[in-house]
Amino acid sequence: MRCPHCSSLDDKVIESRSLARGDCIRRRRACISCNYRFTSYERVEEKPLLVIKKDGRREPFDRAKLSKGMLRAVEKRPIPSTKIDNILTEIEDKAAIQGKGSQEIASTVIGEMVLTELHKLDKVAYIRFASVYKDFNNLDEFINEVKKVGDLNENN
Ligand SMILES: [Zn+2]
């Protein structure tokens with residue numbers, strides 16, 4: 001880094017410290033030419049993951065919004081909130097990995113991730129979430145989905 005005192009580009013790091021639980025790294029540097037000491041900060045470049053909605057609009061990935069939808073689905077079900085929190089973290093990680101590069105992920109992909117997790121967790125919660133997410137057009141579609149879950153139960 002350029003020395004603020006003599007503009008030399010030769011410096012050495014004399015101390016590195018992780019700040020804010022690793023969100024930021026502070027480095028003390030010493031200019032090799034003039035021995036001037038200065039500080040630099042290093043941060044992750046924040047580029048939010050965008051969710052592509054069905055109508056093509058993009059909005060930032062919103063964990064709180066996803067959490068709300070899932071908590072609604074598991075309401076009065078015997079599921080600890082820590083479990084939902086773990087699933088949310090897992091989905092957030094998976095979404096970040098899948099969206100790596102483009103920093104975009106389709107809302108349908110996230111929806112399927114949630115459905116897969118809820119299906120493993122609780123069939124009632126699954127049906128509740130699916131009924132909102134899949135936006136069933138009529139009662140038959142809904143009943144078919146319930147039947148599908150029923151079949152899967154028998155296979156387990
Ligand atoms: Zn210098």
Side-chain angles (χ1 to χ4, degrees), residues 1-136 145 149 152 156:
M1 283 201 146
R2 188 185 302 280
C3 169
H5 189 67
C6 74
S7 298
S8 162
L9 287 172
D10 291 322
D11 72 293
K12 62 179 180 202
V13 173
I14 50 179
E15 190 204 342
S16 290
R17 182 170 290 175
S18 177
L19 303 176
R21 286 185 295 163
D23 288 344
C24 179
I25 293 173
R26 192 196 65 187
R27 295 190 208 279
R28 276 304 279 167
R29 297 168 178 271
C31 174
I32 289 166
S33 302
C34 75
N35 211 29
Y36 183 78
R37 296 194 171 195
F38 57 102
T39 306
S40 69
Y41 293 92
E42 192 176 307
R43 286 185 182 81
V44 171
E45 188 182 3
E46 293 254 12
K47 198 177 169 203
L49 180 68
L50 294 179
V51 176
I52 309 164
K53 302 185 15 161
K54 280 176 185 162
D55 61 7
R57 281 185 299 134
R58 267 84 166 156
E59 61 179 33
F61 179 86
D62 186 349
R63 181 183 169 121
K65 193 175 161 190
L66 195 57
S67 170
K68 229 193 244 172
M70 286 183 71
L71 289 174
R72 207 178 299 130
V74 300
E75 206 175 19
K76 293 183 182 145
R77 299 297 298 162
I79 297 159
S81 61
T82 50
K83 184 80 202 164
I84 295 302
D85 227 46
N86 291 344
I87 291 175
L88 276 166
T89 300
E90 207 171 295
I91 288 173
E92 204 173 14
D93 287 351
K94 273 192 201 162
I97 290 163
Q98 286 213 23
K100 216 176 142 200
S102 65
Q103 285 298 109
E104 288 187 337
I105 188 164
S107 64
T108 48
V109 174
I110 293 172
E112 292 300 328
M113 286 180 190
V114 175
L115 286 173
T116 303
E117 292 301 325
L118 287 182
H119 192 273
K120 283 188 267 179
L121 186 68
D122 185 271
K123 301 298 186 262
V124 172
Y126 169 82
I127 286 296
R128 281 181 185 161
F129 192 88
S131 70
V132 175
Y133 172 73
K134 297 198 180 209
D135 199 14
F136 298 119
E145 191 67 32
V149 175
L152 288 163
N156 285 344

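Nothing fancy with the numbering, it's 1 onward along the sequence. We count ligands from 1, going down the list as the structure has it; atoms in each ligand are counted the same way.
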**Request:** Examine distances only and state if a side-chain atom of Arg29 and a backbone atom of Cys3 form a donor-acceptor pair shorter than 3.5 Å.
**Result:**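 No.
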Do [X] and [Y] pair up side chain to side chain, a donor and an acceptor below 3.5 Å, judged on atom types alone?
X     : Y     : result
Thr89 : Arg63 : yes
Ser7  : Arg2  : no
Thr39 : Arg28 : yes

**Number of protein N/O/S atoms that sit closer than 2.8 Å to the Zn ion (ligand 1)** =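 Total protein N/O/S atoms under 2.8 Å from the Zn ion (ligand 1): 4.
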**Message:** Is the ring pair Tyr36/His5 parallel, tilted or perpendicular, if the boundaries are 30 and 60 degrees?
**Reply:**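 Ring orientation, 0 to 90° scale: parallel.
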**Prompt:** CD/Glu92 to CG/Asp62 distance, rounded to the nearest 0.5 angstrom?
**Reply:**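 One finds 10.0 Å between CD of Glu92 and CG of Asp62.
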